[in-house]
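Lettering follows sequence order; numbering is per chain, from 1.
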Amino acid sequence: MPYDDKLQAAGEPLADAPLLEVRNLHSRYGPVRVIHDISLNVQAGELVALVGGNGAGKTTLLHTLSGLHPSSAGTIRFAGNDMTRWPAYRIVTAGVCQVPEGRQVFAPLSVEDNLRLGAYRQHHDLDWVRQEMERVYQLFPILQERRQQLAGTLSGGQQQMLAMGRALLGRPRLLLLDEPSMGLAPLLVDEIFRVIVELNAEGVTILLVEQNARAALAIAGRGYILETGRIVKTAPAVDLLADDDVRRAYLGY
Amino acid sequence: MPEQIFQFLVTGITVGAIYALVGLGFALIYNASDVVNFAQGEFVMLGAMTAIALLGAGLPLVLAAIAATLLTALVGLLLERCAIEPARGASVVTTIIITIGAAIFLRGVASLLWGKNSLPFPAFSGNEPIHLGGATLLPQSLWVLGGAVLLVSLTRAFLNRTLLGKALLACSFNPVAAQLVGINVKVMLRLAYGLSAGLGAIAGILAAPITFSSYEAGIMLGLKGFSAAIVGGIGNPMGAVAGGLLLGVLEALGAGLISSGYKDAIAFVFVLMVLFFEPTGLFGHKVAERV
């Protein structure tokens, strides 16, 4: 159990309850049911992958977790609090920060302003914001170079880095990543995933939602397989990579 | 003749400054929610009429103006809270129609409270005309211009220099991302309505000594402010200011050189021309979305 070792090494007590605990969650768009009875949990310090194809309900699940979309049944607990009905800003304040699908940066604002807005709920803690911004610039030096540039003029990969930096400035206890590899060249995907591993090693708990099953399961500790709104399989990532069904459906060999 | 033109310019800039402030109010709400608030002119009227009423009740001018601005801002906030917020999730067009309803309602209340006559408001510092080159202008014009410069600068600084202002802009750039960084979009919307109403009220109070005010004064001012906002490229606050000034000057020149009967027609024909040749407004963002 490498995660437990790390937590104890950091001097934190081992919590029994998971950091994120989703129970029997349902979510729908009008009459269309998108999420059926999903239960999953993420322990503090973990890197969990949630893998599924197009239209499996990955983004709807993350929108429901972030309070952008209401759930129709079930509960979401975070750090011991029931946040099922919380508005989005309260969920962010509690430390659940999302890097949305398609980056969604504030295109007409500068890179630096995007990062500052990421710290919207932390703005009172100026020292921390300054430090964290330095850390983001160290993780992604290209952002520092372009900090006065408008976010909309960045390349796709740079926008992905900016979206991640923006989420880090929200002081996440749990980072939700929605398809960070989407539309990126393989080299950039490697770079982004390297940073995800680095962040997790520094203690950020991560739920990584991906269509790129191979890359996601390669760095995750555990994985869930999502198909048409249902969790069909869950296991340690190494086992999923070796699973015949998963290989056939998602890994293509 | 050059003197005459100079006079028209002076008049036009004064009127344009009023349009600019009204247009700025449109731009603020449009920025936060993509909604054109057709009750914006009513905020202008409410500011002026409330100030007139408070002055009549014996308050000193400065206090009456401040109280009227705050009361109007409160009306704007309540409008958002009681009429716009319950319709959350409705289409933009539905919301715009709600604002038209609100405008009619506010006009009705004003006519019940203050009757249907035009009411005067004293100039802030007398009516002794100031001679400037060959033109004359009223001291109140200087108040209008000074007030407009101050308010526009403050709004600009708010939007470009403060985190709260940027958060307000973020709500229009990308509402989903705005929520994901923890911006409470509801509160931002209330803020936008309150600010717009306050801005409108100050515009109304500054202009009242020149134009007088009545329960229906907001209709034309609202339309002109809206025109200023679309000429400048709706959603661009400084564009709205430029649009307002341009509109005011064109109107004054048209009224002076052609006929004052065509004053409003000139303004609206100009708006149509702008929309025809430059549909995103003279200073609007060129819409180019990456798919």
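- The salt bridge (charged side-chain N to carboxylate O under 4.0 Å, His left out) test applied to Arg130(A) returns Asp127(A), not counting sequence neighbours.
- Heavy-atom neighbours of Phe276(B) CZ from other residues, nucleotides or ligands within 6.0 Å: at or below the threshold of 12.
- Within a 6.0 Å sphere centred on CG of Leu187(A), other residues, nucleotides and ligands contribute 12 heavy atoms or fewer.
- Separation of atoms CG (Leu180(B)) and CG (Leu68(A)) is listed at 4.5 Å; rounding is to 0.5 Å.
- More than 12 heavy-atom neighbours from other residues, nucleotides or ligands sit within 6.0 angstrom of CZ on Arg135(A).
- Residue-level contacts of residues 16-30 of chain B with chain A do not occur; threshold 4.5 Å between heavy atoms.
- The two residues Gly182(B) and Tyr120(A) make their nearest non-hydrogen contact at O-CD2, 3.6 Å.
- In the displayed structure, Phe105(B) atom CZ is contacted under 6.0 Å by at most 12 heavy atoms of other residues, nucleotides or ligands.
- Proximity to chain B among residues 87-102 of chain A is limited to Ala88(A), Tyr89(A), Val92(A), Gln98(A), Pro100(A), judged by heavy-atom separations below 4.5 angstrom.
- Residues Arg116(A) and Val181(B) form no side-chain contact, since every pair of their non-hydrogen atoms from C-beta on lies 4.5 Å or further apart.
- Expressed to the nearest 0.5 Å, how far CD of Gln179(B) lies from CD of Gln104(A) amounts to 11.5 Å.
- With a threshold of 4.5 angstrom between heavy atoms, Arg166(A) approaches chain B through side-chain atoms but not through N, CA, C or O.
- Residues of residues 151-167 of chain B that come within less than 4.5 angstrom of chain A, heavy atom to heavy atom, are Leu163(B), Leu164(B), Lys166(B), Ala167(B) in numerical order.
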